[in-house]
Each structure stands twice: as structure tokens, then as C-alpha cells.
*Asks:* 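This structure is in C-alpha cells; I'll ask about it shortly.
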Amino acid sequence: METTKLVFVYGSLRKGFGLSPVLNSSEFIDDVQTKPKYTMYSVGAFPCITESGDTSIVGEIYKVDLATLRRLDMIEGVPQLYKKGIVEIDGYENVIAYFFTDDKAEGLQKIDNGDWANV
């Protein structure tokens, strides 16, 4: 049974942001950009992404254990607020990301550059 998962973070879990200590015990893998298939929005104090669009999202990949993944699910409000899905990143497979549905993102401010650190 797999005991770790790759997770893509793009907002408040990235290095230097408020929730980054949650990943202190996880292995940092890489700074990456997704394929240009997504859209980033501002929810105010944090971003969200949807599985539709034409933007590359900037973020980081971490290898997390299952306890950390459960903690991330709680932080992200899965499944009420965010849902988990696979994000497409060149050179990586089966990387989990947290997504909003298009209807939840309706009316939110789009972040055209896909980089929460450079809004």
C-alpha cells in the first residue's frame, strides 16, 4: 500500500505563506508550473484553481504521508469547499491538487498570471 502522495500547492501552503508549516515534515520535491489547462481565482485571503482554463499555475510539489494528506483535506475543506483531483505537470504523474468547481468560482476575481505569490 502506498504510504506517500505527491501534492501540488499553489497558495497559502507554499513556502513563506501562513500555512506552509503544515508541510514542515514533508519532503519538498520541486518548484513547478502546471500545463496551461487551469484558472486561478482569488477567494480573498487565499486562491483557488479550477480544472478549466488556459493558465499555467505556479506552485510547489511535496511528498506527503497519509496523515499529512488527511490534515490537508481538513484544511482545504474536502469535499465541501475543495475537491481533490489530479493536476497535469510535465515530468510528474498522479500529483494531487485541490480544486474549486467552476460554479463555486463564479464571480471571483481571476488571477491571470497563475501565481499567488505575484498577484
*Asks:* Please name the pair of heavy atoms, one in L72 and one in V64, separated by the smallest distance, quoted to 0.1 Å.
*Replies:*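 Between these two residues, the closest heavy atoms are CD1-CG1, 4.4 Å.
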*Asks:* Heavy atoms only: give me the nearest A97-V87 pair and the separation to one decimal.
*Replies:*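 Looking at all heavy atoms of both residues, the shortest contact is CB-CB, 3.7 Å.
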*Asks:* Closest approach of D54 and T39, non-hydrogen atoms and distance?
*Replies:*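 Smallest interatomic distance, heavy atoms only, reads N-OG1, 4.4 Å.
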*Asks:* Tell me every residue that passes salt bridge (charged side-chain N to carboxylate O under 4.0 Å, His left out) with D103, counting only those two or more places apart in sequence or in another chain.
*Replies:*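 So D103 forms no salt bridge (charged side-chain N to carboxylate O under 4.0 Å, His left out) with any residue.
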*Asks:* Looking at residues at least two apart in the chain, or sitting in another chain, which of them share a salt bridge (charged side-chain N to carboxylate O under 4.0 Å, His left out) with K83?
*Replies:*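 Counting only residues at least two positions away or on another chain, K83 forms a salt bridge (charged side-chain N to carboxylate O under 4.0 Å, His left out) with E51.
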*Asks:* Below 4.5 Å, heavy atoms only, C-beta onward: do L69 and I96 meet side chain to side chain?
*Replies:*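 Yes, at least one pair of side-chain atoms sits under 4.5 Å.
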*Asks:* Which heavy atom of P47 sits nearest a heavy atom of G11, and at what distance?
*Replies:*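 Between these two residues, the closest heavy atoms are CG-CA, 3.6 Å.
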*Asks:* In chain order, what residues pass the side-chain hydrogen bond (donor to acceptor under 3.5 Å, both in side chains) check against D65, with sequence neighbours excluded?
*Replies:*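 Checked D65 against side-chain hydrogen bond (donor to acceptor under 3.5 Å, both in side chains); matches are T68.
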*Asks:* For F17 and A117, which heavy atoms make the closest approach, and how far apart are they?
*Replies:*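 What the structure gives for the nearest pair is CZ-CA, 3.8 Å.
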*Asks:* Sequence neighbours excluded, which residues qualify as side-chain contact (heavy atoms from CB on, under 4.5 Å) partners of N118?
*Replies:*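 N118: side-chain contact (heavy atoms from CB on, under 4.5 Å) contacts with N113, D115.
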*Asks:* Out of curiosity, E76 CD to L81 CG, how far, rounded to the nearest 0.5 Å?
*Replies:*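 E76 atom CD to L81 atom CG measures 7.5 Å (nearest 0.5 Å).
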*Asks:* State yes or no: do V78 and V95 share one hydrophobic cluster built from I, L, V, M, F, W and Y residues joined by side-chain heavy-atom distances below 4.5 Å, directly or via other members?
*Replies:*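 Yes: a chain of side-chain contacts under 4.5 Å links V78 to V95.
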*Asks:* For Q33 and I57: C-alpha separation, side-chain torsions, deciding distance, then whether side chain to side chain contact (heavy atoms under 4.5 Å, CB included) applies.
*Replies:* CA-CA 5 Å; Q33 286 191 348; I57 307 301; over 6 Å; no
*Asks:* Measuring only between side-chain heavy atoms, which start at C-beta, is P36 closer than 4.5 Å to S56?
*Replies:*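 Yes, at least one pair of side-chain atoms sits under 4.5 Å.
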*Asks:* Mind checking whether V7 and V9 have side chains closer than 4.5 Å, heavy atoms only?
*Replies:*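 Yes - at least one pair of side-chain heavy atoms lies under 4.5 Å apart.
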*Asks:* In chain order, what residues pass the salt bridge (charged side-chain N to carboxylate O under 4.0 Å, His left out) check against K37, with sequence neighbours excluded?
*Replies:*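 Here the qualifying residues are E88.
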*Asks:* To the nearest 0.5 Å, what is the distance between NZ (K104) and SG (C48)?
*Replies:*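 Answer for the NZ-SG pair, K104 versus C48, is 10.0 Å.
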*Asks:* Ring pair (Phe, Tyr, Trp, His ring centres under 6.0 Å): which pairs involve residues 68-98, sequence neighbours left out?
*Replies:*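 Only Y82-F100 qualify under ring pair (Phe, Tyr, Trp, His ring centres under 6.0 Å).
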*Asks:* The criterion is side-chain contact (heavy atoms from CB on, under 4.5 Å); which residues satisfy it with A45, sequence neighbours excluded?
*Replies:*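 Counting only residues at least two positions away or on another chain, A45 forms no side-chain contact (heavy atoms from CB on, under 4.5 Å).
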*Asks:* With heavy-atom distances below 4.5 Å as the criterion, would you say the side chains of Y10 and T34 are in contact?
*Replies:*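 In short, these two side chains do not touch, never coming nearer than 4.5 Å.
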*Asks:* Hey, does L13 have a side-chain heavy atom less than 4.5 Å from the side chain of V22?
*Replies:*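 Of all side-chain heavy-atom pairs linking L13 with V22, at least one is under 4.5 Å.
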*Asks:* Do K35 and D90 have side-chain heavy atoms sitting under 4.5 Å apart?
*Replies:*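 Yes - at least one pair of side-chain heavy atoms lies under 4.5 Å apart.
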*Asks:* Residues two or more places apart in sequence or in another chain: which of them pass salt bridge (charged side-chain N to carboxylate O under 4.0 Å, His left out) with D102?
*Replies:*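 Testing D102 for salt bridge (charged side-chain N to carboxylate O under 4.0 Å, His left out), a comparison that skips the adjacent residues, returns none.
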*Asks:* Give a yes or no on whether the backbone of T101 and the side-chain of T50 come within a donor-acceptor separation of less than 3.5 Å.
*Replies:*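 Side chain of T50 to backbone of T101, a donor-acceptor pair under 3.5 Å: no, none is there.
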*Asks:* Backbone N or O of K15 within a donor-acceptor pair of the E60 side chain at under 3.5 Å?
*Replies:*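 Side chain of E60 to backbone of K15, a donor-acceptor pair under 3.5 Å: yes, one is there.
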*Asks:* Who passes side-chain contact (heavy atoms from CB on, under 4.5 Å) against K63, sequence neighbours left out?
*Replies:*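 Partners of K63 under the side-chain contact (heavy atoms from CB on, under 4.5 Å) test: T4, L6, E27, I29.
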*Asks:* Going by the ring pair (Phe, Tyr, Trp, His ring centres under 6.0 Å) test, which pairs reach into residues 23-75, not counting sequence neighbours?
*Replies:*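 Qualifying pairs: F28-Y62, Y38-F99.
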